[in-house]
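Contents: one structure, followed by commentary.
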Amino acid sequence: MLTSRTFLKRTRAGAVMKVVREHYLREDIACGAAACEQCGQQPGEPRLEAQPGGAASSLCPAPHYLLPDTNVLLHQIDILEDPVITNVIVLQTVLQEVRKRSAPVYKRIRDVIASPEKHFYSFTNEHHRETYIEQEQGETANDRNDKAIRVAAKWYDEHLKKINNEETIQVILLTNDRNNKEKAVEEGLTAYTCEEYIKSLIANPDLVDRLACVSDEGKEIESGRIIFSEHLPLSKLQQGIKSGIYFQGTFRANRDNYLEATVWIHGDTEENKEIIIQGLKNLNRAVHEDLVAVELLAKDQWVAPSSVVLQDEGQNEDDDENEEEKENTLKSSVSKNMLRPSGRVVGIIKRNWRPFCGMLSKSQIKEARRHLFTPADRRIPRIRIETRQSSALEGQRIIVAIDGWPRNSRYPNGHFVKNLGTAGDKETETEVLLLEHDVPHQAFSQAVLSFLPKMPWSITEEDMKFREDLRYLCVCSVDPPGCTDIDDALHCRELENGNLEVGVHIADVSHFIRPGNALDQESAKRGTTVYLCEKRIDMVPELLSSNLCSLRSNVDRFAFSCIWEMNHNAEILKTRFTKSVINSKASLTYAEAQMRIDSSSMKDDITTSLRGLNKLAKILKKRRIDNGALTLSSPEVRFHIDSETHDPIDLQTKELKETNSMVEEFMLLANISVAKKIHEEFSEYALLRKHPAPPPSNYDILVKAAKSKNLEIKTDSAKALADTLDKAESPDFPYLNTLLRILATRCMMQAVYFCSGMDNDFHHYGLASPIYTHFTSPIRRYADIIVHRLLAVAIQADSTYPELTDKHKLADLCKNLNYRHKMAQYAQRASVAFHTQLFFKNKGVVNEEAYILFVRKNAIVVLIPKYGLEGTVFFEEKDKPKPNINYNDEVPSLTVEKTTFYTFDKVKVNIMLDASNIQHQKIRMALVEPKILGSDVPNQTTELSTNSEPEKKKKKLKK
């Protein structure tokens with residue numbers, strides 16, 4: 001049956017056009033009930049059980065199916081995902097509305113529908129002749145959809161009565177809409193609110209904790225006072241943004257100060273790129289990463305970024321004096337040039353709430369059901385939840401979701417989602433850091449694994465037709481010890497004409513991962529492999545990462561080769577790219593390769609090749625540095641793990657060998673060569689990587705720190721910075737140059753992927769290269785797979801596909817890749833922080849030398865070179881007399897009593913682990929030298945959070 005929908009549409013020119021859409025209605029759409037014989041079921045189709053079991057309900061003891069409306073599905077997805085809830089009919093009307101309103105919830109419900117043990121059935125009611133309804137004149141789309149849901153529920157009710165079953169299966173409509181529920185009951189349907197139904201599941205009382213608080217009524221704090229101003233409606237916000245009264249941007253909470261945030265303004269306006277928000281009322285219930293509208297305050301109300309560290313102690317709702325005192329601390333006198341554009345949040349454009357990991361702060365009131373939840377991420381406010389299992393959840397890591405934030409509540413309301421396990425347990429803490437950094441880490445699905453090659457796998461004659469056979473070359477790989485995902489291998493040999501041939505051979509991952517299939521989509525979503533201290537979260541399944549794509553020694557492997565002809569001065573004479581087959585002759589560690597190069601007795605082909613590569617690499621590196629490339633520093637640590645307990649037993653900073661630099665030089669050269677080639681062929685569609693030059697203000701801290709040691713650092717160009725860093729040395733203080741390079745790294749911007757057709761600035765500041773990309777690690781970076789595909793099309797080794805030449809889709813992909821890389825970096829740092837805590841757990845007190853990296857208003861940030869350990873040492877403690885502290889921003893320096901601390905000063909500290917707060921364990925440091933006179937100075941503490949993320953100006957240069 002065919003019906004049509006007619007509506008009017010205005011064209012861009014202003015004319016009104018009549019649009020008629022055909023809408024097909026069918027009679028053969030199955031109801032999904034396994035017991036129904038009159039509906040033709042497709043084999044393997046998810047079905048509603050013939051005898052629905054599930055949880056026993058005191059409201060409806062008879063067998064029943066659930067049919068939720070749109071709002072129940074949107075707000076109660078945590079309930080619907082629970083194993084207790086089965087046999088649910090999901091209407092097409094509901095799915096379409098959810099898809100429009102929340103992409104994450106839509107994906108979650110699709111995953112539930114695909115799970116056979118849940119018995120969820122998606123019913124296409126909008127195309128069923130008996131359940132489709134037209135929208136009546138004057139009827140809102142919402143009212144029409146509510147009616148469509150009731151019509152489908154009524155149809156199911158009558159349809160199921162015809163099934164020859166021992167007991168008729170009922171259909172229960174779940175709706176939190178009072179009006180919709182009343183109409184359903186009038187029409188003879190069984191309808192309950194989600195809360196009524198869940199509370200009726202007497203055998204599953206814990207499920208009540210997972211109910212989302214959909215209305216703020218009755219959940220608000222008892223005192224009726226208003227704390228926050230009302231959020232403006234979206235229509236007013238959009239008008240205000242259009243007229244320039246308000247600014248739209250992303251809200252970024254301050255990890256170290258819960259009363260301060262910045263809003264990064266979207267758009268092209270160079271002025272006011274960043275607006276500071278200070279004070280509880282101005283923050284106005286915005287949560288980290290929300291999209292907000294901000295009103296700029298008058299200039300006489302502008303403030304300076306605070307150097308004070310303030311943590312929310314979880315004070316009482318009425319503790320206004322404490323709050324005001326803290327806000328006054330922020331407004332201490334500052335010079336006018338420190339003031340920044342400041343504003344207040346007037347409305348929320350889009351909430352970016354996610355499930356948050358953390359711990360329950362149990363209420364002191366006996367038998368209380370209402371408690372505060374403290375998120376692991378300090379940028380997220382505490383959340384009030386109701387739970388009956390507070391005693392069982394004490395000391396556990398749990399997940400909580402925010403439901404809403406009323407105007408008269410100091411904290412948002414939320415609900416319990418899941419218990420992850422005991423706090424401090426290694427598996428639990430690893431799960432927390434993966435969840436908190438949004439690292440996809442679930443096992444690869446069967447749909448993904450189905451696109452892997454069937455084993456045993458071998459290279460066929462057909463494969464060889466399109467590849468160059470390079471198995472005769474003396475190729476070898478050089479990697480860290482224990483590396484199984486070997487992306488790259490190298491060779492160097494002398495040609496008959498006296499020149500040298502150098503090859504970089506990269507795993508041909510794009511041969512195994514074809515565009516658009518489930519394996520490709522999953523790899524694109526993950527974006528990167530994440531390396532934790534004891535765990536690797538692969539971007540691609542292990543069969544590829546550690547076997548078929550890994551360029552292991554003495555096995556034939558597919559590669560994508562970049563081969564240069566060079567003279568002995570490392571000048572490129574010819575470059576060619578080819579798909580190839582190689583057979584690596586050795587898989588070496590950096591130390592093994594270094595030993596071969598240094599050995600006077602070894603003269604075999606592999607060693608000769610390595611020596612040739614090393615000689616050329618030194619020339620390439622010198623040339624790069626002469627052109628202005630930066631050599632920066634960042635303390636990286638390596639843990640030695642006990643083979644039985646898996647606890648760290650030793651912690652050392654990583655030692656870099658000459659061979660590390662050798663491999664790096666040829667990877668950089670290959671990346672630059674490939675970048676030039678793909679940009680020549682695809683000027684609009686090349687996936688490139690750039691590193692923007694930092695704004696001059698980023699260098700202030702470096703320049704001031706160097707000046708305090710009578711050194712000059714020039715920052716007008718990368719070359720000037722590199723040259724002055726080379727000269728910035730002190731014979732009495734050899735570690736000073738390393739400290740300056742560490743500080744220079746913190747001044748850098750983040751390197752990012754971008755699409756060449758969407759940007760004009762290609763320059764890579766850190767490498768001093770006009771163009772750059774990533775080609776050399778396709779096993780662990782999805783960007784490299786796209787670059788491989790572009791290069792394959794450029795040399796006619798593979799065919800193109802539409803998404804490859806769609807610059808808008810490529811720009812969206814780059815956005816996800818940049819996000820995933822940033823999160824992977826933070827997850828890796830958090831893993832190092834957690835393992836550092838484990839290391840110090842059984843060490844007792846350790847006495848070590850440290851250097852001051854930064855001075856703050858009430859603290860110093862120190863670095864302990866031996867452990868690569870960094871932390872903040874505070875000079876004020878709650879409920880203790882405050883010492884006399886004087887902060888000088890110009891130098892910068894901090895005077896505590898009569899002792900003055902400058903950047904790069906050497907200090908001695910005692911280090912021990914303070915586990916009194918399980919969630920935020922602290923590395924506690926007490927100054928040993930210099931001694932501070934006066935007994936008012938507390939034991940100084942530094943915190944190593946397992947969610948550590950650098951501040952804005954601590955961004956690490958990633959090539």
Side-chain angles (χ1 to χ4, degrees), residues 99 103-104 106-107 241 248-250 252 264-270 273 289 291 349-350 352 438-440 509-510 513-517 520-528 539 671-672 674-693 749-767 769-778 780-794 798-825 955 958-959:
R99 188 176 192 176
Y106 179 74
K107 187 189 179 304
I241 290 163
Q248 176 177 317
T250 304
R252 303 267 167 83
W264 289 73
I265 302 306
H266 300 179
D268 302 322
T269 53
E270 279 306 312
K273 266 279 184 190
E289 293 292 341
L291 191 61
I349 295 162
K350 188 183 176 219
N352 212 2
D438 195 15
V439 175
V509 182
S510 63
I513 300 180
R514 302 310 294 163
N517 67 25
D520 183 45
Q521 288 170 3
E522 181 65 23
S523 306
K525 184 183 104 176
R526 294 186 178 217
T528 180
M539 181 185 82
N671 286 335
I672 292 167
V674 171
K676 288 176 183 170
K677 178 68 177 175
I678 61 172
H679 185 245
E680 275 170 25
E681 294 290 330
F682 304 103
S683 60
E684 292 286 296
Y685 319 118
L687 191 156
L688 302 175
R689 187 162 175 84
K690 69 172 181 175
H691 181 221
M749 305 294 283
Q750 187 78 34
V752 291
Y753 296 111
F754 69 101
C755 170
S756 59
M758 305 288 276
D759 209 321
N760 299 320
D761 176 23
F762 293 8
H763 191 74
H764 197 294
Y765 179 81
L767 296 173
S769 176
I771 194 166
Y772 192 66
T773 194
H774 271 165
F775 163 76
T776 54
S777 295
R780 61 184 177 91
R781 290 188 306 230
Y782 188 77
D784 303 52
I785 293 178
I786 296 293
V787 169
H788 276 227
R789 288 173 182 170
L790 287 164
L791 184 61
V793 176
D798 206 342
S799 52
T800 187
Y801 58 99
E803 284 79 7
L804 197 63
T805 52
D806 183 330
K807 62 182 181 183
H808 295 286
K809 284 193 176 164
L810 200 57
D812 286 343
L813 176 67
C814 288
K815 192 176 174 183
N816 179 58
L817 294 179
N818 290 330
Y819 171 71
R820 292 296 181 201
H821 275 260
K822 184 173 72 176
M823 287 296 111
Q825 241 179 343
K955 287 183 178 169
K958 269 281 188 186
K959 291 168 186 167

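Quantities reported herein were computed from a predicted structural model and do not represent experimental measurements. FYI, side chains are in, hydrogens and waters are out, and symmetry mates aren't considered; it's all heavy atoms of this structure.
- No donor-acceptor contact under 3.5 angstrom links the side chains of Asn818 and Tyr753, judged on distance only.
- One distance of note links CE of Met823 with CD of Gln825; it measures 9.5 Å at 0.5 Å rounding.
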**Request:** Begin with the C-alpha distance, continue with both residues' side-chain angles, and end with the deciding distance and a verdict on side-chain contact (heavy atoms from CB on, under 4.5 Å) for Arg781 and Thr776.
**Result:** CA-CA 9 Å; Arg781 290 188 306 230; Thr776 54; 3.6 Å; yes

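- Under the side-chain hydrogen bond (donor to acceptor under 3.5 Å, both in side chains) criterion, Ser510 pairs with Asp508, not counting sequence neighbours.
- In terms of heavy-atom proximity, Ala675 sits nearest to Ile771 at O-CD1, 3.7 Å.
- Arg789 has its side chain out of reach of Val793: every pair of non-hydrogen atoms, C-beta onward, lies at least 4.5 Å apart.
- Judged as a side-chain hydrogen bond (donor to acceptor under 3.5 Å, both in side chains), and not counting sequence neighbours, Lys677 has no contacts.
- Shortest non-hydrogen contact noted between Tyr772 and Ile672 is CD1-CG1, 3.6 Å.
- Rounding to the nearest 0.5 Å places CZ of Arg689 at 9.5 Å from CG of Leu817.
- Here CD1 of Ile785 is found 11.5 Å from CG of Leu687. Values are rounded to the nearest 0.5 Å.
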**Asked** Does the pair His821 and Gln750 meet the rule for a side-chain contact (heavy atoms from CB on, under 4.5 Å), with working shown?
**Response** CA-CA 10 Å; His821 275 260; Gln750 187 78 34; over 6 Å; no

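- Although no hydrogens or angles enter the test, the distance criterion places a donor-acceptor pair under 3.5 Å between the side chain of Ser756 and the main chain of Ser683.
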**Pair His808-Asp812, side-chain contact (heavy atoms from CB on, under 4.5 Å): steps then yes or no** = CA-CA 6 Å; His808 295 286; Asp812 286 343; 5.5 Å; no

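- In the model, Tyr782 has a side-chain atom that pairs as donor or acceptor with a side-chain atom of Asp520 under 3.5 Å.
- Put simply, the side chain of Glu289 never gets that close to the backbone of Arg252: no donor and acceptor are under 3.5 Å apart.
- Checked options Asp761, Asp759, Thr773; the residue passing with Lys690 is Asp759 (criterion: side-chain hydrogen bond (donor to acceptor under 3.5 Å, both in side chains)).
- Nearest heavy-atom pair across Ala811 and Cys755 is N-CB, 4.3 Å.
- A pairwise comparison of heavy atoms in Ser523 and Ile513 identifies OG-CD1, 3.9 Å as the closest pair.
- A donor-acceptor pair is defined here as one N or O able to donate and one able to accept, closer than 3.5 Å; such a pair exists between the side chain of His788 and the backbone of Phe775.
- Between Arg526 and Glu522 there is a salt bridge, with a side-chain nitrogen of the basic residue lying less than 4.0 Å from a carboxylate oxygen of the acidic one.
- With rounding to the nearest 0.5 angstrom, the NZ atom of Lys676 is 7.0 Å from the OG atom of Ser769.
- Between the side chain of His691 and the backbone N or O of Gly766 there is at least one donor-acceptor pair closer than 3.5 Å.
- Atom OG1 of Thr250 sits about 8.5 Å away from atom CD1 of Ile265, to the nearest 0.5 Å.
- Under a 3.5 Å cut-off, the side chain of Thr528 and the backbone N or O of Arg780 do form a donor-acceptor pair.
- The closest side-chain heavy-atom distance from Asp798 to Arg514 is below 4.5 Å.
- The shortest distance between side-chain heavy atoms of Ile786 and Leu804 falls below 4.5 Å.
- In this structure a side-chain-to-backbone donor-acceptor pair under 3.5 Å is missing from His774 to Asn671.
- The minimum heavy-atom distance between Pro440 and Lys525, with the atom names listed, is CB-CE, 4.1 Å.
- Classified by interplanar angle (parallel below 30°, tilted 30° to 60°, perpendicular above 60°), the ring pair Phe762/His679 is perpendicular.
- Interatomic distance, Thr805 OG1 to Phe682 CZ, rounded to the nearest 0.5 Å: 8.0 Å.
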**Asked** How far apart are the C-alpha atoms of Phe754 and Met758, what are their side-chain angles, what is the distance that settles it, and do they pass the side-chain contact (heavy atoms from CB on, under 4.5 Å) test?
**Response** CA-CA 7 Å; Phe754 69 101; Met758 305 288 276; over 6 Å; no

